[in-house]
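Contents: one structure, followed by commentary.
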Amino acid sequence: MNIKLLAIGKTDNKNLQALIDEYTKRLGFYIKFDLEIIVDIKNVKNLSEAQQKQKEGELILSKLTATDHLILLDENGKSFSSVGFADELQKKMNAGIKTLVFLIGGPYGFSDDVYKKANGKISLSAMTFSHQMVRLFVIEQIYRGFTILKNEPYHHQ
């Protein structure tokens, strides 16, 4: 299985980017992982929320293949403990999914078309985090999940 994280807009904080790079590198020891950034839409000041979500949705959908298994990072998604998330990763691998895609949307969430394409939604927290921080949290949790599955000492209970 391959895992891809899709996110809107670049990370402009160098400290966060260094941590994202570190966990991306670590994750590479367990699975093929890609972080793909979708460029910010230009002239958003001239667009309504709905128009911005629609344009982002079109860009997102253009990055997906018919066989991708899409999981949205959504405040209304299912919450997991780290061990529960590791179990979910194992289920996805056992199901023979070729590419598991996690998606971090733009500031207003996802278009209806993206919701229709999604195979599931997960929530990292009831709290709101910056989109840049969420990237780090997702990658770290995927890494943590694989260390749990391999019974390595990274995660403590």
Donor-acceptor under 3.5 Å (N119 side chain, I71 main chain):
no
Mind checking who shares a hydrophobic cluster with V39, ILVMFWY linked at side-chain heavy-atom distances under 4.5 Å?
none
State, with a plain yes or no, whether a side-chain heavy atom of P107 is found less than 4.5 Å away from one of Q52.
yes
Path from I122 to L70 over hydrophobic side-chain contacts below 4.5 Å:
no
Is there a donor-acceptor pair under 3.5 Å between the side chain of H131 and the backbone N or O of G106?
yes
Inspect the contact between D12 and K10 and indicate whether a charged nitrogen and a carboxylate oxygen are less than 4.0 angstrom apart.
no
Where I20 and T24 come nearest, the two heavy atoms and their spacing:
O-OG1, 2.7 Å
Pair E22 + R26: basic N to acidic O under 4.0 Å:
yes
Indicate yes or no: at least one non-hydrogen side-chain atom of R135 is less than 4.5 angstrom from one of I37.
yes
Contact check, side chains of E56 and I38, non-hydrogen atoms, under 4.5 Å
no
Using the side chain to side chain donor-acceptor pair (under 3.5 Å) definition, which of the options H155, Q141, E140 pairs with S82?
Q141
Do you know the tightest heavy-atom contact between S123 and S125?
OG-O, 3.0 Å
Can I60 be reached from L72 by stepping across I, L, V, M, F, W or Y side chains whose heavy atoms are under 4.5 Å apart?
yes
Reference residue Y23; test ring-ring contact (aromatic ring centres under 6.0 Å, His included); the match among F137, F29, Y143
Y143
Heavy-atom closest pair, residues K117 and A66:
NZ-O, 3.8 Å
Would you say Y108 ends up clustered with M127 if hydrophobic residues are merged whenever their side chains have heavy atoms under 4.5 Å apart, either directly or through other cluster members?
no
What is the minimum heavy-atom distance between K4 and E36, and which atoms define it?
NZ-OE1, 3.4 Å
CD of E75 to NZ of K121: how many Å apart, nearest 0.5 Å?
9.5 Å
Closest heavy-atom contact between I3 and F146?
CD1-CE1, 3.8 Å
Can you name the nearest heavy-atom pair linking D34 to K32, along with the distance?
OD2-NZ, 2.9 Å
Can you find a pair of side-chain heavy atoms, one from I41 and one from I8, that are under 4.5 Å apart?
no
Full working for side-chain contact (heavy atoms from CB on, under 4.5 Å) between L149 and M93:
CA-CA 12 Å; L149 294 174; M93 288 187 289; 3.7 Å; yes
Is the count of non-hydrogen atoms from other residues, nucleotides or ligands lying under 6.0 Å from K55 atom NZ greater than 12?
no
Apply side-chain contact (heavy atoms from CB on, under 4.5 Å) to L5 and I104, showing your working.
CA-CA 8 Å; L5 175 61; I104 302 168; 3.8 Å; yes
Atom pair CG/CG of N2 and L100 - distance to nearest 0.5 Å
10.0 Å
Classify the angle between the aromatic ring planes of F102 and F85 as parallel (below 30°), tilted (30 to 60°) or perpendicular (above 60°).
tilted
Is F129 linked to F80 within one hydrophobic cluster, defined over Ile, Leu, Val, Met, Phe, Trp and Tyr using a side-chain heavy-atom separation of less than 4.5 Å?
yes
Gap between atom OG of S111 and atom CG of L61 - 0.5 Å precision:
6.0 Å
Which value, rounded to the nearest 0.5 Å, describes the distance between I148 atom CD1 and L89 atom CG?
9.0 Å
Evaluate whether atom CD of E152 has more than 12 neighbouring non-hydrogen atoms of other residues, nucleotides or ligands under 6.0 angstrom away.
yes
Nearest 0.5 Å please: distance from the CG atom of L27 over to the CD1 atom of I142.
6.0 Å
To the nearest 0.5 angstrom, please state how far the CD atom of Q17 sits from the CG atom of L136.
10.0 Å
May I have the step-by-step check of side-chain contact (heavy atoms from CB on, under 4.5 Å) for D112 and K53, ending in yes or no?
CA-CA 9 Å; D112 289 340; K53 284 196 307 190; 6.0 Å; no
Under 3.5 Å, side chain of D74 to main-chain N/O of N76, donor-acceptor pair present?
yes
Assess whether side-chain contact (heavy atoms from CB on, under 4.5 Å) is satisfied between L6 and V101, documenting all intermediate values.
CA-CA 7 Å; L6 278 177; V101 179; 3.9 Å; yes
Same cluster (ILVMFWY, side-chain, under 4.5 Å), I97 and L73:
yes
